[in-house]
Amino acid sequence: MNQLKNFSKGFFKENAVFTLLLGMCPTLGVTSSAIDGLGMGLATTFVLVMSNLVVALIKDFIPDKVRIPSFIVVIATFVTIVEMTMQAYVPALFDSLGLFIPLIVVNCLVLGRAEAFASKNNLGSSIVDGLGMGLGFAMALTMLGSIRELLGSGKLFGTAIFPEDYGMLVFVLAPGAFIALGYLIAFINHVKKEA
Amino acid sequence: MAKTESTLKNMVLTLLVITCVAGASLGGMYELTKGPIAAAKMAKQQAAIKEVVSGFDNNPGDEMYELTSKEGFVLKFFPAKKGDELIGVAIESQTNKGFSGNIKIMVGLKPDGTIINYQVLEHKETPGLGTKMADWFKTDKGNQSILGKHPKNNKLTVSKDGGEVDAITAATISSRAFLDAIRIAFETYTENQSSLPVASNTSTEEGGTE
Amino acid sequence: MNRLTVSPSPHVHSGDSVKKNMYGVIIALVPALAASLYYFGLGAAIVTITAVLSCVFFEWAIQKFLLKTEATIMDGSAALTGLLLAFNMPSNLPIWIIIIGSLVAIGIGKMSFGGLGNNPFNPALVGRIFLLISFPVQMTLWPKPIASQAHYLDAETGATPLSIMKEGLANGESVSSLMNHVDMPSIRELFFGLSGGSAGEVAAAALLIGLIFMLIRKIITWHIPVAVIGSIAVFTGILNLVSPEQFAGPLFHLLTGGVMLGAIFMATDYVSSPMANKGMIIYGIGIGVITVVIRVFGAYPEGVSFAILIMNGFVPLIDKYVKPKRFGEVAKPAKA
């Protein structure tokens, strides 16, 4: 497969959030600000690339019947590494992402790519796939985070755009995540139809 | 290369190898990040203490002691000293009277009990309402501010309950809870002051507060 | 055009139309509007006019520019949504918040689902809840009712009876002492609207006149209002009998907050309520029970709008199991 196509499919055509609707838990849970969305997206990207890499390497050694537990162990290992690294070097981000970092383990996107792509393709394609899907996921989360942060508290990446008193709090809370995601997906579907 | 057969031996072996490798790499990672994690936690605690009591030159974390309040909360006390003189105590206090769950604050008291500053550490209050307590009680506007007040000389309850402090608009319950955490910190501090090894050998100033 | 009546044959038209019914509801709201203008004066006028105009404008703009469909603003449904939204807001709400509320009510609550007839939730309540969560400070500062009020943003504010009750009980006070609280209106005052609250919800008497009008004109049937009011009365009555000092009595609960407005005008919205009479009763009881649960055990002092929205979500389910009787259907013969 063309590597460029393989890379770019994660951004639009097969975007994890907008098209496949995978990984909804972090998508709705941690996107209350753009920086949280970006941090979560990058953490997931790292896990995705590394687990795709390892799965592609070891896929031939793993008996079919235990492939899912093996993948999960690989993924969980990388998630724990991310968790400890974040706790050590970016404690502020670690605090605001909290429980959602360990939850990357059960993000369908990560296991989904390991099972559907990395276990069937070679090393190079798997890394490119992981990178594309991960960055596409990070992009989606950052977009959603930006919208929610701007409407909810009048800021963008922490910079005040308009006074906080005019922000619509609902966008910082859970219902706003659903509303914003719904309209974002509707908009993207509309663009896709036109294209 | 042919795919490994799903025999019992193969499956057990594969899982064993994978988990061992995973375990070993996590162990190594833990060793690597142990230091920085502890340092980050320490820095956070230090920053919080500095925020509520400034101008000390000891390491309050080293002299930390714990006391149990009447309500059964275990409070952490961080004595802040300049040279040998006690200039204040940072108290990590909490209450369960919040609008939703516990509120944890760090409050700095002068040795006589006057409030220096505070910081909200943890809470689950409603965004936009209860969350305002992070700044509300520091803002010098109306009767909002509690800085520089003494819980014994000033009645630190919300005005609705006959006190001197203006509650956060539309968040009376959160305001009450916050002031409750301050009260718990103050009462636990003053009640145990005389019996404390740290407080008693540092200065003579603590007389007058019982 | 009339997409409201999804019922099967016959197709003989009775002369009913969306327009006729919508304007009927608006007429029924006139007494309550008059009461809100009397008690909240200038503020109520500004809030009502802003809400109605911006709802109609947003409906027109969305249909014209986004959906590119025929404009339906003349059927009165957008104006009614605006009016009900205004009735659900404090009369000292800044204009920009009202405009956001109208945009949410029409844009999110109605047009996103495909316009009138397709919205599963009551648009005015979607707008109100959105505002309540987004601007909790402004949405919970209620002006005091003072006859011919000439203040708008700077009107003197006070607590609603429900929040006095809720906070007092949380503080360990008893119901009887709270009923004698300085700011607590008497039952008679509550009935005629002399209490703090949303612009259109305070005067129970005016809302009841509207109910009678709608029943006579057969705009709505009695099922939903009676089920809501009855279930609240029974539930709070039981609680009150069990522990009179801990739970306020049924009369207090019925006359405070949005119970009357909700039961008569919000829950009975055609589109978002069940079709069959039996379904309406189930729906009404659900609203009543959830309202009391939120009021008595929940975090918010008032729960009518949440209750209606929650039960709106159940309407498709209720309609699936409780179907209206087909016209001309013969009762099943008893088993021999």
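Just so we're on the same page: letters track the sequence lines, and every chain starts at 1.
- The aromatic rings of A/F46 and A/F78 sit perpendicular to each other, their planes meeting at more than 60°, with 30° as the lower class boundary.
- With a 4.5 Å cut-off on non-hydrogen atoms, B/K34 does not touch chain A at all.
- Only the side chain of B/T14 has a heavy atom closer than 4.5 Å to any heavy atom of chain A.
- The only member of A/T44, A/V74, A/V47 that meets side-chain contact (heavy atoms from CB on, under 4.5 Å) when paired with A/V79 is A/V47.
- Contacts of B/L26 with chain A are made by both backbone and side-chain atoms, with heavy-atom separations under 4.5 Å.
- Using cut-offs of 30° and 60° for the angle between ring planes, the B/Y189 and B/F77 rings count as parallel.
- Of the two parts of A/Y89, only the side chain, counted from C-beta on, holds a non-hydrogen atom closer than 4.5 Å to a non-hydrogen atom of chain B.
- Annotation: side chain of A/K59 is not in contact with side chain of A/K120 (no heavy-atom distance under 4.5 Å).
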